[in-house]
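To start, the structure itself, in structure tokens.
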Amino acid sequence: MTRLLAGAPLSDGYRMPAEWEPHRRTWMLWPERPDNWRMGGKPAQVAFAAVAAAIAAFEPVTIGVNRDQYQNAREMMPHDVRVVELANNDAWMRDCGPTFVTDLSGNLRVIDWEFNAWGGLAGGLYFPWDRDDQVARKVADLEEVDRYRAPFVLEGGSIHVDGQGTLLTTEECLLNPNRNPSMSKAEIEEALKRYTGVKTVLWLSAGVYRDETSGHVDNLACFLQPGIVALTWTDDHNDPQYPISKDALDRLSKFTDAGGRDLKVIKVHQPDPIIITEAEAEGVDVMDGSYPRMAGDRMAASYINFYFCNGGAVFPAFGDHHDGQALEALRPYIPGRQLINTPAREILLGGGNIHCITQQQPA
């Protein structure tokens, strides 16, 4: 029997580990909703299965599916991927799922953040989101892990930690009035410290251009190791991403982390602009309250949206000449891991990428 705990992780001696620390498994969800994924999610399911297979070469994977998709997902998944019925509204495990925290003895607990589909009724991406808001609790029950219910809205993709007391986030997301309008920046920062165990919160301004999550940091910048940050970049001063990345670079160049280190920033050139085609847009059902997929719209493509797993790192590939360059730029700063490119355009069409659809459970 799992318990709903009072208090917060920090006061109980728990902290959020870095993503590159050892995992017990990876969690995912299965795409199917026709107002977000074209052709009822069929092309996206192929992409998700490829991501799951890539990760499963390094560590166990569990994917949660709605009841009517169980047989389909089981047939598409490699035999060594665990498929479980886990009711959900959409497939973004990073954002609606649990954040795991550990103590010095290796004990595990779950943070169950409030989830409102990236903005609730004031700019959220779909309605309802009630099943998504139960995902973290269900994962905690499946793993028999005690749970904290955080008293504020937060998505997992809006934060990134170095495991040594430093957290990255963006003002565009966490200060958006459709998340926690009654909380000040200082109050949000204090809450982040209490729930993740960090000592220092580093605020960037905005996320990637046209990112429909209101600027999640996991598409813009991430820690590669303590003191080293990867940043999505473009050299084109006329690209709307340039001033966003330049502002982030300026801030990161002035920050010090919780250990007092200056940050080394690794620029990772973004892919050339990726545009939704007419065929892709026509394959998405139009429904009230869902986010539109319009032909000609630019998508928020970034190589920063990758996932660390045991002995590896899985990167999105877009069929762009920058795909290989991104891996080579990062390889020196991710030593001892196999770096893998996985086709990810179909995931991007749904509004996110590989980091957004995965969530690590620490060892």
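Along the sequence shown, residues carry numbers from 1.
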>> Can you classify the ring geometry of His160 versus His355 as parallel (below 30°), tilted (30 to 60°) or perpendicular (above 60°)?
In response: tilted
>> Looking only at the aromatic ring of each residue, does the gap between the centers of Trp118 and Tyr291 stay below 6.0 angstrom?
In response: no
> If you group Ile, Leu, Val, Met, Phe, Trp and Tyr by side-chain heavy-atom gaps below 4.5 Å, do Tyr209 and Trp233 land in one group?
Replying inline: yes
>> Rounded to the nearest 0.5 Å, what separates atom CZ in Phe48 from atom CD1 in Ile354?
In response: 10.0 Å
>> Do Arg337 and Phe308 form a cation-pi contact, if we require the NZ or CZ to be under 6.0 Å from the six-membered ring centre and within 45 degrees of the ring's axis?
In response: no
> Does Pro60 reach the side chain of Gln361, with side-chain heavy atoms less than 4.5 Å apart?
Replying inline: no
> What is the distance from atom CD of Glu144 to atom CG of Leu108, rounded to the nearest 0.5 Å?
Replying inline: 12.0 Å
> Is it true that the side chains of Ser158 and Glu155 contain a donor and an acceptor less than 3.5 Å apart?
Replying inline: no
>> Does either side chain, that of Asp211 or that of Thr213, offer a donor lying less than 3.5 Å from an acceptor on the other one?
In response: yes
>> When you compare the side chains of Trp30 and Gln69, does any donor N or O come within less than 3.5 Å of an acceptor on the partner?
In response: yes
> How close do Leu167 and Leu192 get, heavy atom to heavy atom, and via which atoms?
Replying inline: CD2-CD1, 4.0 Å
>> Suppose we call two aromatic rings close when their centres sit under 6.0 Å apart. Are Phe315 and Tyr307 close by that rule?
In response: no
> Passes side chain to side chain donor-acceptor pair (under 3.5 Å), Gln45 versus Trp37? Steps please.
Replying inline: CA-CA 9 Å; Gln45 289 167 8; Trp37 306 99; over 6 Å; no
> For Pro332 and Pro335, which heavy atoms make the closest approach, and how far apart are they?
Replying inline: O-CD, 4.1 Å
> Say you draw a straight line from CZ of Arg251 to CD of Glu171; how long is it, rounded to the nearest 0.5 Å?
Replying inline: 4.5 Å
>> Return the CD1 to NZ distance between Ile228 and Lys264, rounded to the nearest 0.5 Å.
In response: 7.0 Å
> When rounded to the nearest 0.5 angstrom, what is the spacing between CG in Asp90 and OG in Ser290?
Replying inline: 10.5 Å
>> Can you confirm whether Thr2 sits close enough to Arg147 that some side-chain heavy atom of one is under 4.5 Å from a side-chain heavy atom of the other?
In response: no
> Taking the side chain as C-beta and beyond, is there a heavy-atom pair between Leu86 and Val139 under 4.5 Å?
Replying inline: yes
>> Which residue is it: Asp320, Asp239, Thr232? I am looking for the one with a side-chain hydrogen bond (donor to acceptor under 3.5 Å, both in side chains) to Gln270.
In response: Asp239
>> How long is the straight-line distance from CZ of Arg261 back to CG of Asp257, given to the nearest 0.5 Å?
In response: 4.0 Å
> Can you find a side-chain donor-acceptor pair between Glu85 and Asn66 that sits under 3.5 Å?
Replying inline: no
>> Can a donor-acceptor pair be found, under 3.5 Å and without considering hydrogens, that links the side chain of Asn176 to the backbone of Arg179?
In response: no
> So, for Ser214 and Thr170, which heavy atoms are closest and what is the spacing to 0.1 Å?
Replying inline: O-OG1, 4.4 Å
> Under the side chain to side chain donor-acceptor pair (under 3.5 Å) criterion, do Gln360 and His23 qualify, and how do the steps go?
Replying inline: CA-CA 6 Å; Gln360 69 274 8; His23 298 178; 5.1 Å; no
> Out of Thr342, Leu339, Thr26, Asn341, which one pairs with Val314 under the side chain to side chain contact (heavy atoms under 4.5 Å, CB included) rule?
Replying inline: Thr342
> Tyr195 vs Trp113 aromatic rings, parallel, tilted or perpendicular, using cut-offs 30° and 60°?
Replying inline: tilted
>> With no hydrogens and no angle check, just 3.5 Å: does a side-chain donor-acceptor pair link Asp235 and Tyr242?
In response: no
